[in-house]
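Letters go in sequence order (proteins before strands), and every chain restarts at 1. Just the heavy atoms: all of them, side chains too, but no hydrogens, waters or symmetry mates, feed the values below.
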Protein chains: 2
Amino acid sequence: MSPKRKSNLSIEHALLGFIQEQPLHGYEIHQRLQAAQQLGLVWHLKQAHLYALLSKLESDGLIAAELIAQEARPPRRLLQLTAAGREAFANWVAAPVQHGRDLRIEFLAKLFWAQQRGATPTEQLIAAQRDECRMWLDNLRVEMAQSTDTTPYALLVLEFRRGQIEAMLEWLDTCESALASAAT
Amino acid sequence: MSPKRKSNLSIEHALLGFIQEQPLHGYEIHQRLQAAQQLGLVWHLKQAHLYALLSKLESDGLIAAELIAQEARPPRRLLQLTAAGREAFANWVAAPVQHGRDLRIEFLAKLFWAQQRGATPTEQLIAAQRDECRMWLDNLRVEMAQSTDTTPYALLVLEFRRGQIEAMLEWLDTCESALASAAT
DNA sequence: ATCTTTATACTCACTAATTGAGTACTCGAA
DNA sequence: TTCGAGTACTCAATTAGTGAGTATAAAGAT
C-alpha cells in the first residue's frame, strides 16, 4: 500500500550496467553474466533469481520494460534504464562498500563497471574505497589500543580483520598500477 | 515423508558448543551468544532466528529437548546434545572451512570452540585450515599461470583472492604464537 | 522425412532464511 | 502502583533462492 517500500538494493545495481548502452532483455543479461572473465567471475546468479532481481529493480523504478511481441515466441521484455536508474547506477559505481563482507563480491562488481567506464571513474572508486578501508583500520586500531581487558580470542578476531583490510589496501595499490600500465 | 532431508547445517553447529557441558534453554544460549568478547563478536543472531536454528538442529537429531514446566511462565525447553550431536560438534570443530567466504564467521567460530577445548584441538584446527588455505593458493597460482588470454580484470580478481588467502595464512601463524604464549 | 537437441525467453511453485512484533508473566525500583 | 526490565518463547510475514517447467524454433542427426 505505502508507496515507499524499504528497498534494500545494493548488489542488484550491478545489473543496471548491462543496459547502460542499449536495452536488453533478461535472458540476454543472463548470458552476459555467464560470459567468461567478466562479472560472472565474482557473482553467480541462477536464471530465476536474476528475473526476480530485475523485477525488484523495475518496481523500484530503476528500469522500465517494453514488451516486444514476437510471433509464436514469448514476448521479450526489453529493459532499459530510467533516468532514476541511470543516476542510481552512477552513484552505486562511485560509492565504496561500507563493510568488509562486501569486498569479495560487491566491490569487485563495482570495479568491473568502473573499469568499463574508463580510467577516471576507476581511480576514483579505488581512492574512495581506500579511504573507507583506512577508516576501518583506524577504528580497529583504536579498539585494539583500548584492549586492556581483552581476551586472547577477541584480540585474534581484531587481528584477523586487520590482516584482511591491510591485504585489501595493498591490493588496491596493485589495482591502480595494473590499470595505469594498462592505460599506456 | 522421506526420512533424509538434505540438511545443510554448518555454522549452526557452533550452537552445539553451548550445551556441551550442561543443558541450556534457548533464551540462555542467546544471552551467552551476546556476551562480550565471545562468539557474539563474530556471529550475530536475532532471537527468533536462534530458535529457528535450534529447531533445525533438533529435527536433525543433534539435540533433544526436555520440557521443564514452570508455574505461571512458559515452560523451558532444556536442550541437550544427543550422541549424534556430540559427534557432529567434534567433527565440525576439527574440520577446516572449504571456502574463503566462510573464514570471517565460521572459521572464527570454530576457533572459538577449539580454543575452549584446549591447546591441542586448537593447534590441529589451525594446521588443518593452513593446509586448506595452501591448497587454495596452489590452485590460484595454477590459474594465474595459465592466464595468457586473461583480461586485466580477471587477473585482478585472482590477485584479490590471493591477497586475502595470504593474509589468512599469516594470521594463522599469529594465532599459533598467540596461543603458545598464552599457554605459558 | 522425422526425431532429437539446443537455444530462446520466461514463469511458477516451493522451501529456506530472516525479521518484527507479540505474548504472558514476574520482579524490583520510583 | 505503575513502569520498565527481564524471562522464555512463538507467530506471521517478508525475502531470498532453487528446481523444474513451458512453449517454440532452428539446427543437426538418422
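A straight line from CG of A:L53 to C1' of D:dA16 spans 9 Å, rounded to a whole angstrom. Between the CD1 atom of B:I11 and the P atom of C:dA16 there is a distance of 19 Å, rounded to whole Å. Atom pair A:I105:CD1 and D:dA16:P shows a separation of 15 Å (rounding to whole Å applied). Here C:dA7 presents its P atom at 14 Å from NE2 of A:H30, a figure rounded to the nearest Å. Whole-Å rounding puts the A:E66 CD to C:dC10 P distance at 13 Å. Atom-to-atom, NE2 of A:H49 to P of C:dA17 comes out at 14 Å; the value is rounded to the nearest Å.
Counting any heavy atom pair closer than 4.0 Å across all strands shown, B:H25 reaches sugar-phosphate atoms only and no base atom. Using a 4.0 Å heavy-atom criterion, one finds that B:Q47 contacts the bases of the nucleic acid, with or without backbone contacts as well.
A donor-acceptor contact shorter than 3.5 Å is absent between the side chain of B:E58 and the backbone of B:A64. At distances below 3.5 Å, at least one donor-acceptor pair connects side-chain atoms of B:W171 with backbone N or O atoms of A:L156. With hydrogens and angles ignored, the 3.5 Å screen pairs a side-chain donor or acceptor of B:T82 with a backbone N or O of B:G61.
A:Y51 OH to A:H25 NE2: the interatomic distance, rounded to the nearest 0.5 Å, is 7.0 Å.
Between B:Y27 and D:dT7, a side-chain N or O to OP1/OP2 separation shorter than 4.0 Å is present. In this model, the phosphate group of D:dC9 is approached by a side-chain N or O of B:Y51 to a distance below 4.0 Å at OP1 or OP2. Phosphate contact (OP1/OP2 of D:dA16, side-chain N/O of A:K56, threshold under 4.0 Å): present.
Comparing D:dG19, D:dC9, C:dC10 by their closest approach to the side chain of A:R77 singles out C:dC10. Residue A:Q31 has its side chain nearest to C:dT8 when only D:dT18, C:dG20, C:dT8 are considered.
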